[in-house]
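Working notes, structure below.
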Amino acid sequence: MIIILMGVSGSGKTTIGKLLAESLEWEFSDADTFHSPENVEKMRRGIPLSEADRMPWLQDLQTAIKHWLQENKNVVLACSALKDSYRQFLVLDSERIKLVYLKGSYELIQIRLQERSNHYMSEKLLNSQFDTLEEPLNTISMDVAQPPQVIVQNIKTALRI
């Protein structure tokens with residue numbers, strides 16, 4: 001199974017993803033590591049990515065997902081997947097790939113981004129993240145105001161794993 005933890009920057013995808021993967025003894029992967037140096041630099045400067053910027057990133061992610069599925073790997077993937085079209089591109093097998101939406105208020109996410117250091121994702125991009133976000137329907141949704149361990153347990157319960 002592949003669990004894609006999606007949401008805006010600052011929603012806790014990496015934190016929750018690492019904890020979830022560790023608790024399940026699964027592999028963890030962060031979609032941020034698939035970005036080109038040019039994309040990272042744009043985001044560091046507070047410039048939103050264009051669709052053209054995102055496409056190679058999404059293609060690389062899809063290739064990784066295909067590989068994981070072929071190898072029957074259990075992976076937790078932290079990936080913004082803000083648009084429905086991105087999610088459709090990545091969810092190649094709805095039986096084996098599950099989306100979990102980490103949902104938080106603008107105010108909570110803004111506070112988290114202000115407190116975060118050593119990350120290229122600029123707080124300046126928060127508006128564009130929320131503007132781009134197409135909230136998923138019929139997906140497991142978790143309130144990120146809860147403690148990380150509670151979220152992890154709720155995800156495991158919701159997915160029955």
Side-chain angles (χ1 to χ4, degrees), residues 1-35 40 43 48-49 54 57-58 60-62 64-65 68-69 71-161:
M1 179 186 290
I2 298 170
I3 300 170
I4 300 177
L5 296 178
M6 59 140 310
V8 298
S9 182
S11 61
K13 296 180 300 291
T14 301
T15 300
I16 301 300
K18 286 179 178 177
L19 288 170
L20 180 60
E22 183 181 306
S23 74
L24 295 169
E25 297 181 357
W26 288 13
E27 186 176 323
F28 172 77
S29 185
D30 194 325
D32 285 349
T33 64
F34 289 76
H35 275 298
V40 171
M43 290 183 282
L49 298 181
R54 283 191 186 94
W57 172 71
L58 287 166
D60 288 347
L61 285 169
Q62 187 187 68
I65 289 168
W68 297 330
L69 289 172
E71 292 192 349
N72 284 320
K73 282 191 171 186
N74 292 316
V75 179
V76 176
L77 173 63
C79 177
S80 55
L82 296 177
K83 287 189 175 186
D84 184 57
S85 61
Y86 305 163
R87 296 186 292 272
Q88 288 181 26
F89 190 76
L90 297 176
V91 179
L92 304 171
D93 179 340
S94 61
E95 293 299 312
R96 297 168 60 202
I97 300 174
K98 302 299 178 189
L99 282 170
V100 176
Y101 174 35
L102 299 179
K103 183 177 182 172
S105 70
Y106 183 93
E107 295 75 21
L108 174 63
I109 302 297
Q110 184 177 37
I111 290 167
R112 287 183 175 183
L113 288 177
Q114 288 169 345
E115 292 173 348
R116 188 156 79 174
S117 61
N118 298 323
H119 193 279
Y120 66 81
M121 188 65 174
S122 169
E123 180 198 342
K124 295 179 221 170
L125 292 174
L126 186 59
N127 283 335
S128 74
Q129 289 260 300
F130 272 92
D131 289 345
T132 302
L133 176 64
E134 297 171 359
E135 290 197 345
L137 305 173
N138 304 318
T139 301
I140 297 165
S141 181
M142 295 289 151
D143 177 3
V144 299
Q146 301 176 84
Q149 292 293 358
V150 171
I151 297 170
V152 167
Q153 188 54 53
N154 289 343
I155 292 170
K156 290 166 67 172
T157 298
L159 292 174
R160 296 184 179 102
I161 51 176

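Scanning all heavy atoms of the two residues, the minimum distance from Met6 to Pro136 falls at SD-CG, 3.7 Å. For Met142 against Val100, the heavy-atom pair with the smallest separation is CG-CG1, 4.0 Å. Contact record, Leu113 with Gly10: CD2-CA, 3.9 Å, taken as the closest heavy-atom pair. The minimum heavy-atom distance linking Arg87 with Ala81 is given by the pair NH1-O, 2.8 Å. Annotation for Ser9 and Ile109: closest pair O-CG2, 3.1 Å, computed over non-hydrogen atoms. Of all non-hydrogen atoms in Gly104 and Val144, the two that sit nearest each other are CA-CG2, 3.5 Å.
Heavy-atom neighbours of Glu22 CD from other residues, nucleotides or ligands within 6.0 Å: at or below the threshold of 12. Enclosure of atom NZ in Lys18 is not indicated, since only 12 or fewer non-hydrogen atoms of other residues, nucleotides or ligands lie within 6.0 angstrom.
The side-chain heavy atoms of Asn72 and Arg96, taken from C-beta on, include a pair separated by under 4.5 Å. Leu69 has its side chain within reach of Ile2: a pair of non-hydrogen atoms, C-beta onward, lies under 4.5 Å apart. Residues Asn74 and Leu24 form no side-chain contact, since every pair of their non-hydrogen atoms from C-beta on lies 4.5 Å or further apart.
A distance-only check finds a donor-acceptor pair linking the side chain of Thr139 to the backbone of Leu137 [under 3.5 Å]. Distance alone, capped at 3.5 Å, is enough to place a donor-acceptor pair between the Trp57 side chain and the Ala31 backbone.
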Derivation and outcome, side chain to side chain contact (heavy atoms under 4.5 Å, CB included), residues Leu61 and Leu90 = CA-CA 7 Å; Leu61 285 169; Leu90 297 176; 3.8 Å; yes

Evaluate the side chain to side chain contact (heavy atoms under 4.5 Å, CB included) criterion for residues Phe89 and Ile65: first the C-alpha distance (whole Å), next the side-chain angles of each, then the deciding distance (0.1 Å), finally the verdict.
-> CA-CA 11 Å; Phe89 190 76; Ile65 289 168; over 6 Å; no

Between Cys79 and Phe34, does a side chain to side chain contact (heavy atoms under 4.5 Å, CB included) hold up when you go through it step by step?
-> CA-CA 10 Å; Cys79 177; Phe34 289 76; over 6 Å; no

Residue pair Trp26, Leu20: steps toward the side chain to side chain contact (heavy atoms under 4.5 Å, CB included) verdict | CA-CA 8 Å; Trp26 288 13; Leu20 180 60; over 6 Å; no

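Rounding to the nearest 0.5 Å gives a distance of 8.5 Å between CG of Leu58 and CD of Gln62. Considering OG of Ser80 and OH of Tyr86, their distance stands at 8.0 Å, rounded to 0.5 Å. Distance CD/Gln110 to CG/Asn127: 8.0 Å, rounded to 0.5 Å. Distance check, rounded to the nearest 0.5 Å: CG of Leu82 to CD of Gln129 gives 5.0 Å. How far NE2 of His35 is from OG1 of Thr33: 9.0 Å, rounded to the nearest 0.5 Å. The CG atom of Asp143 sits 8.0 Å away from atom CG of Leu108, with the distance rounded to the nearest 0.5 Å.
Residues passing the side-chain hydrogen bond (donor to acceptor under 3.5 Å, both in side chains) test with Lys83, sequence neighbours excluded: Glu51. Applying the salt bridge (Lys or Arg N to Asp or Glu O under 4.0 Å) criterion to Glu71, with sequence neighbours excluded, gives Lys73. Applying the salt bridge (Lys or Arg N to Asp or Glu O under 4.0 Å) rule to Lys103 yields the partners Glu135; only residues at least two apart in sequence or on another chain are considered. Every residue two or more places apart in sequence or in another chain that forms a side chain to side chain contact (heavy atoms under 4.5 Å, CB included) with Glu95 is listed here: Asp93. Scored by the side-chain hydrogen bond (donor to acceptor under 3.5 Å, both in side chains) test, Glu107 finds no partners at all (sequence neighbours excluded).
Every pair passing ring pair (Phe, Tyr, Trp, His ring centres under 6.0 Å) that includes a residue from residues 125-160 is listed here, sequence neighbours excluded: Tyr106-Phe130.
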